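Starting off with a structure, shown below.
Order of the sequence lines fixes the chain letters, A, B, ..., with proteins taken first and strands second; residue numbering starts at 1 for each chain. Values in this document were obtained by computation on a predicted structure and should not be read as measured data.
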Amino acid sequence: MTLTIATWNVNSVRQRLDNIARFVEAQAPDVLCLQEIKVRDEDFPAEALRGLGYEHQLVRGEKGYNGVAILSRRPLAGQNARSWCDKDDRRHASVRLDGEIELHNFYVPSGGPKPDRDANPKFDHKLSFLTEMADWAREEAIADRPLVLLGDLNVAPLETDVWNHKRLLRNVGHTPVESEHMARLLEAGSFIDAERHFVPPEEPLFTWWGYRFAESFQRDYGWRLDHVWVTPPLAGALRSITVFREARSWPQPSDHVPVILTLG
DNA sequence: ATGACTTGTAATACAAGA
């Protein structure tokens, strides 16, 4: 019995319904975690997604920005969510699957244009968010429970997580201070980076290609911003990771592609 | 090159993404 869980920053769930249907037709993950749904709960296309087989849904949306959802073919338990950094933006949702696996879906703040905590409040928010996640992981002792943490974490921590390390070192998303914050979070939960468990760190691995750079995908000017982590109790269940790159070449794509985890 | 494109909101311009 395997369990497949996908994460995808869709950059507006309403604009991406056709792509989501195409992805589900190709991969049919048991659970589909979305970020940046950009819609109020009451306007979420719940019926269309039920039609794709996702009868069980936890939606945490807001108007215009952010928003996450967990869609599942199997029953969900323990639906939950919390606020981070004393804001009521919708960046997190969690559930329990098959009675025991905890799943946390995150959309970490992007951090604004300038990697300067003092000059740019959005960058400060991003670092505070990552610190709060690490505190949570430690305080809740999540390392001892079977738990999957995934989503758009908006940090590409390794040199091979961006298309040009030297050139992008001072760009938000790839600065050393962000990578350090992410490393502290990884350590706080004793997490295994499932993507790098299957793809060696020497090998470039990307999940996002920007819209602005013409032909960014064709030239593979990518970043690894989307992550899938598991705690040690799930280490023995890791079967595969698939970065579904082809979704970036479809019409009207999201700038992120889905990543699929298989547990068995 | 502090830009390029895409989205939502609101009203044809702006904020936000990263």
Side-chain angles (χ1 to χ4, degrees), chain A residues 7-20 34-45 59-69 84-85 87-92 106-130 151-182 204-227 243 247-259:
Chain A
T7 176
W8 194 5
N9 179 324
V10 287
N11 183 20
S12 171
V13 68
R14 289 175 293 185
Q15 293 294 331
R16 224 61 66 201
L17 277 175
D18 288 349
N19 297 51
I20 292 170
L34 304 178
Q35 302 91 33
E36 280 206 273
I37 59 176
K38 295 188 174 178
V39 66
R40 294 183 193 89
D41 292 0
E42 56 265 40
D43 297 324
F44 186 79
V59 180
R60 294 272 299 161
E62 64 178 282
K63 182 179 177 179
Y65 303 105
N66 309 324
V68 296
W84 302 82
C85 301
K87 292 178 186 290
D88 65 356
D89 51 8
R90 304 296 205 257
R91 297 181 176 276
H92 171 244
F106 279 95
Y107 174 50
V108 172
S110 63
K114 199 179 171 193
D116 181 335
R117 281 196 102 144
D118 300 316
N120 172 13
K122 291 179 183 178
F123 194 69
D124 183 59
H125 179 212
K126 181 179 197 173
L127 297 183
S128 298
F129 197 103
L130 292 166
D152 177 3
L153 304 187
N154 265 321
V155 180
L158 307 180
E159 295 188 12
T160 50
D161 290 337
V162 293
W163 63 275
N164 187 326
H165 167 65
K166 274 192 169 176
R167 175 171 171 159
L168 297 171
L169 249 182
R170 287 168 200 83
N171 281 54
V172 171
H174 190 59
T175 62
V177 65
E178 290 167 274
S179 298
E180 286 159 16
H181 277 68
M182 176 169 269
L205 183 63
F206 311 139
T207 65
W208 175 87
W209 296 262
Y211 290 125
R212 293 193 211 177
F213 209 144
E215 301 183 332
S216 68
F217 183 61
Q218 288 76 6
R219 296 167 186 236
D220 207 16
Y221 292 165
W223 298 50
R224 184 170 73 107
L225 300 178
D226 302 275
H227 297 263
V243 176
R248 188 62 178 80
S249 65
W250 293 346
Q252 286 188 284
S254 169
D255 41 359
H256 298 254
V257 296
V259 181

Would one find a side-chain N or O of A:Lys38 under 4.0 angstrom from OP1 or OP2 of B:dT9?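 Result: no.
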Between the side chains of A:Asn19 and A:Trp250, does any donor sit under 3.5 Å from an acceptor?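 Side chains of A:Asn19 and A:Trp250: no pair found under 3.5 Å.
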Protein-nucleotide distance (A:Gln35, atom CD; B:dT7, atom C1'), rounded to Å: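 Taking atom C1' of B:dT7 as the reference, CD of A:Gln35 is at 16 Å.
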Just the rounded figure in Å: distance from C1' of B:dT7 to CG of A:Asp255.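 The distance from CG of A:Asp255 to C1' of B:dT7 comes to 10 Å, rounded to the nearest Å.
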For A:Glu62, does the CD atom have more than 12 heavy-atom neighbours from other residues, nucleotides or ligands under 6.0 Å away?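 Atom CD in A:Glu62 is packed in, count exceeds 12.
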Can you tell me the distance, in whole Å, between the CZ atom of A:Arg40 and the C1' atom of B:dT7?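 One finds 15 Å between C1' of B:dT7 and CZ of A:Arg40, rounded.
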B:dT2 and B:dA13: how far apart are their P atoms, nearest whole angstrom?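 Each nucleotide's P atom is 25 Å from the other's.
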Of A:Trp223 and A:Asn11, whose nearest nucleotide on DNA chain B comes first from the 5' end?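 By nearest-heavy-atom nucleotide position, the 5'-most residue is A:Asn11.
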Identify, between A:Gln15 and A:Ser110, the residue whose nearest nucleotide on DNA chain B lies closer to the 5' end.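 Looking at the nearest nucleotide for each, A:Gln15 comes out on the 5' side.
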For A:Trp208 and B:dG17, give me the distance from atom CH2 to atom C1', rounded to whole Å.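 Taking CH2 of A:Trp208 and C1' of B:dG17, I get 8 Å after rounding.
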B:dA4 and B:dA10: how far apart are their P atoms, nearest whole angstrom?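 Here B:dA4 and B:dA10 have their P atoms 23 Å from each other.
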By a strict heavy-atom criterion of less than 4.0 Å, which residues belonging to residues 152-177 of chain A are in contact with DNA chain B?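 Result for residues 152-177 of chain A: A:Asp152, A:Asn154, sorted by number.
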Between A:Trp209 (CH2) and B:dA18 (P), how many Å, whole number?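 The distance from CH2 of A:Trp209 to P of B:dA18 comes to 15 Å, rounded to the nearest Å.
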When rounded to the nearest Å, what value does the distance between C1' atoms of B:dT9 and B:dG3 take?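 Nearest-Å result for B:dT9 against B:dG3 at atom C1': 23 Å.
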Minimum heavy-atom separation for A:Leu205 to A:Arg224, with atom names?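 Result for this residue pair: O-CB, 3.0 Å.
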Phosphate OP1/OP2 of B:dA16 contacted by A:Lys63 side-chain N/O (<4.0 Å):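 The answer is no; no side-chain N or O of A:Lys63 sits under 4.0 Å from OP1 or OP2.
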B:dC14, OP1 or OP2 - any side-chain N/O from A:Tyr65 closer than 4.0 Å?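 For B:dC14, neither OP1 nor OP2 has a side-chain N or O of A:Tyr65 closer than 4.0 Å.
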In whole Å, what separates the P atom of B:dT6 from that of B:dA11?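 These two P atoms come out 24 Å apart once rounded.
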Base, sugar-phosphate, or nothing for A:Asn9, non-hydrogen atoms under 4.0 angstrom?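 A:Asn9: backbone/sugar contact only, no base atoms under 4.0 Å.
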Nearest listed nucleotide, side chain of A:Tyr211, among B:dT7, B:dA18, B:dC5: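 Shortest atom-to-atom distance from the side chain points to B:dC5.
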Remember a base hit wins even if backbone is also touched, and classify A:Gly210 as base, sugar-phosphate or nothing at under 4.0 Å, heavy atoms.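 No contact at all - A:Gly210 keeps every heavy atom at 4.0 Å or more from the nucleic acid.
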Tell me whether the centres of the aromatic rings in A:Trp8 and A:His256 are closer together than 6.0 Å.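 Between A:Trp8 and A:His256, the centre distance exceeds or equals 6.0 Å.
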Rounding to the closest angstrom, what is the interatomic distance between B:dT12 and B:dA1 at atom C1'?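 Roughly 26 Å separates the two C1' atoms.
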Whole angstroms only, please: what is the CZ-P distance between A:Arg212 and B:dG17?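 Those two atoms, CZ and P, are 11 Å apart.
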For a quick check of understanding: with a heavy-atom distance under 4.0 Å over all strands, which category does A:Phe123 fall into, base, sugar-phosphate or nothing?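 The answer is nothing, as A:Phe123 stays clear of every strand by at least 4.0 Å.
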Check: A:Asp161 side chain, A:Leu158 main-chain N or O, donor-acceptor pair, under 3.5 Å: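 Side chain of A:Asp161 to backbone of A:Leu158, a donor-acceptor pair under 3.5 Å: yes, one is there.
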Heavy atoms from other residues, nucleotides or ligands near CD of A:Gln252 exceed 12 (cutoff 6.0 Å):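 Open: at most 12 neighbouring heavy atoms sit under 6.0 Å from CD of A:Gln252.
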Taking only side-chain nitrogens and oxygens of A:Lys122, does any of them come within less than 4.0 Å of OP1 or OP2 of B:dA16?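 Affirmative; the distance criterion is met.
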Can you confirm whether A:Asn164 is buried at CG, in the sense that more than 12 heavy atoms of other residues, nucleotides or ligands lie under 6.0 Å from that atom?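 Correct, the count exceeds 12.
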What's A:Arg16 touching, base or sugar-phosphate or nothing? Going by heavy atoms closer than 4.0 Å.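 Result for A:Arg16 = sugar-phosphate.
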Can you name the closest pair of heavy atoms from A:His125 and A:Asp89 and give their distance?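 Smallest interatomic distance, heavy atoms only, reads CE1-OD2, 3.8 Å.
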Atom-to-atom span, CG of A:Asn120 to P of B:dA18 - whole angstrom: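 After rounding, the gap between these two atoms is 14 Å.
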How long is the line joining CG of A:Asn66 and C1' of B:dA16, in whole Å?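 After rounding, the reported distance stands at 9 Å.
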Side-chain N or O of A:His256 less than 4.0 angstrom from OP1 or OP2 on B:dG17?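 For B:dG17, neither OP1 nor OP2 has a side-chain N or O of A:His256 closer than 4.0 Å.
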Could you tell me if A:Thr207 and A:Arg248 have a donor-acceptor pair between their side chains, going purely by distance under 3.5 Å?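 A:Thr207 and A:Arg248 do not have a side-chain donor-acceptor pair below 3.5 Å.
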